[in-house]
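Counting from 1, the numbers follow the sequence of the chain as shown. Computed from a predicted model, the values in this text were never measured in an experiment. The analysis underlying the following values was restricted to heavy atoms, covering all of them including side chains, and did not include hydrogens, waters or symmetry mates.
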Amino acid sequence: MQLRYNFRVYPTPGQQIALAQAFGCARVVYNDALAARRAAFEKGERISDAELSKRLTAAKATPERAWLGDVSSVVLQQALADLNTAYRNFFASVTGKRRGARVGAPRFRSRRDNRQAIRFTRNARFAITAGGAVRLPKIGDVKVVWSRDLPSEPSSVSIIKDAAGRYFASFVVETTDEPLPECAAEVGIDLGLAAFAVFSDGKVIDSPKFFRRAERRLKKAQQGLSRKEKGSKNRAKARILVAKAHADVADARKDWAHKQSTAIIRENQAVFVENLCVTGLARTRLAKSVHDAGWSMFVTMLDEKARRYGRVLVKVDRWFPSSQLCSTCGRIDGRKPLSVRQWECTGCGVVHDRDVNAARNIHAAGRAEWLNACGETVNPFA
């Protein structure tokens, strides 16, 4: 299995200039290739990957593009590979071969994009020095802050600059993670806003609400940006402050989700969650809270870690009436407004906590689906 390990890097001022040049060269090569493909498409022709590579080599020999030779050739070739991947994903999405949200056609890159990145493969002969720095061709030894050791030799490294001006090194490595020891615990999870997650055993994880807690600070930073004159140096500084404030919120949310998902996967053999339509919920008046919760990121982490550690994750259909169904007798009592947090079943008279009851129903439905997929016949209310 291939995984990415990300680490913060601190290039010197000279190295930042070299990286900016590499970012720019990769962007120009990508845009030139995209323009060539679009022009060929309008003529009813097709340009192969080999032809684009030949054109790049020829362009480096011209006075207009001679400066492309100042950066590693691997960086430029990887920019062409990125364009090829973008087109493959686009065509696979259009033809229905790619699952998930529809992927749009490749667009031109801009120096004002929030994220700038270049990639070095083994052909570039990058290396990790004895002092712990990453040695990059035509850039030098860049300082890395290591939070953990790499499990194997990296096959590639991407240098990324985000909107906040921070630099990261992303290493791709091969891992051979062994499955965790099997356990008997299983859990159904109902995701919400008031409480981030309610488990079928009654455990509750409170919502951290990272964006809500930082909203005042974000508002002041945004107001400061709006007062600066466009194109001024003060506006550029204010933009960095806004980006850093948002990055702090995003990093805190991601770190919290990693810790919670890891604990859940370690403690349970099977996890059952509802397949929520986050895109639809994000169009409602609850949009800000839905985005702040980060449900999609959390479920994606659960899925990846379940596959990695030999656990089971089952997503229950979003149309399953988990909040309308009595987990004791199976009677459907109909829809209830969000203000109703407790209700009494008209069939058996049991008083339910809305979220705990929904989590138990998700557990029962997910377990039945899981066991039926294994060839067993299960009645969730037996």
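- Exactly one of Ile160, Val157, Ile159, Leu76 qualifies for a side chain to side chain contact (heavy atoms under 4.5 Å, CB included) with Ile118. That residue is Ile159.
- Taking the six-membered ring for Trp, Tyr30 and Phe108 have ring centres at least 6.0 Å apart.
- Taking the ring axis of Phe171 as reference, the NZ or CZ atom of Arg4 does not stay both within 45° of it and closer than 6.0 Å to the ring centre.
- Of the listed residues (Ser147, Ser170, Ser158), just one forms a side-chain hydrogen bond (donor to acceptor under 3.5 Å, both in side chains) with Asn6, and that residue is Ser170.
- Residue Ile264 is grouped with residue Trp256 when hydrophobic side chains (ILVMFWY) are merged at heavy-atom distances under 4.5 angstrom, including chains of intermediate members.
- Both Leu83 and Phe90 are assigned to one and the same hydrophobic cluster, defined by single-linkage of ILVMFWY side chains at heavy-atom distances under 4.5 Å.
- Side-chain contact, Arg212 with Ser289: a donor N or O sits under 3.5 Å from an acceptor N or O.
- Evaluation of the salt bridge (Lys or Arg N to Asp or Glu O under 4.0 Å) rule for Arg119 yields Asp82 as partners, not counting sequence neighbours.
- Of the N and O atoms on the side chains of Asn361 and Ser327, not one donor lies less than 3.5 Å from an acceptor on the other residue.
- With Glu186 as the fixed residue, the salt bridge (Lys or Arg N to Asp or Glu O under 4.0 Å) test singles out one of Arg311, Arg367, Arg360: Arg367.
- For the pair Arg37 and Tyr87, the cation sits on the ring face: its NZ or CZ lies under 6.0 Å from the ring centre, inside 45° of the axis.
- Legend: residues meeting side-chain hydrogen bond (donor to acceptor under 3.5 Å, both in side chains) with Ser261, ordered by chain and number and at least two apart, are Lys305.
- Taking the ring axis of Phe168 as reference, the NZ or CZ atom of Arg8 stays within 45° of it and closer than 6.0 Å to the ring centre.
- With hydrogens and angles left out, the side-chain atoms of Gln342 and Arg354 include no donor and acceptor closer than 3.5 Å.
- Using modelled atom types, one finds no donor on one side chain facing an acceptor on the other under 3.5 Å when comparing Asp141 with Thr129.
- Counting only N and O atoms by type, the side chains of Thr85 and Arg88 include a donor and acceptor under 3.5 Å apart.
- Side-chain contact annotation: Arg331 with Thr346, donor-acceptor N/O pair under 3.5 Å present.
- Hydrophobic cluster membership is shared by Tyr5 and Phe120, with clusters built from Ile, Leu, Val, Met, Phe, Trp and Tyr side chains linked at under 4.5 angstrom.
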Candidate pair Tyr10 and Tyr167, rule side-chain contact (heavy atoms from CB on, under 4.5 Å), full reasoning
CA-CA 7 Å; Tyr10 293 89; Tyr167 293 85; over 6 Å; no

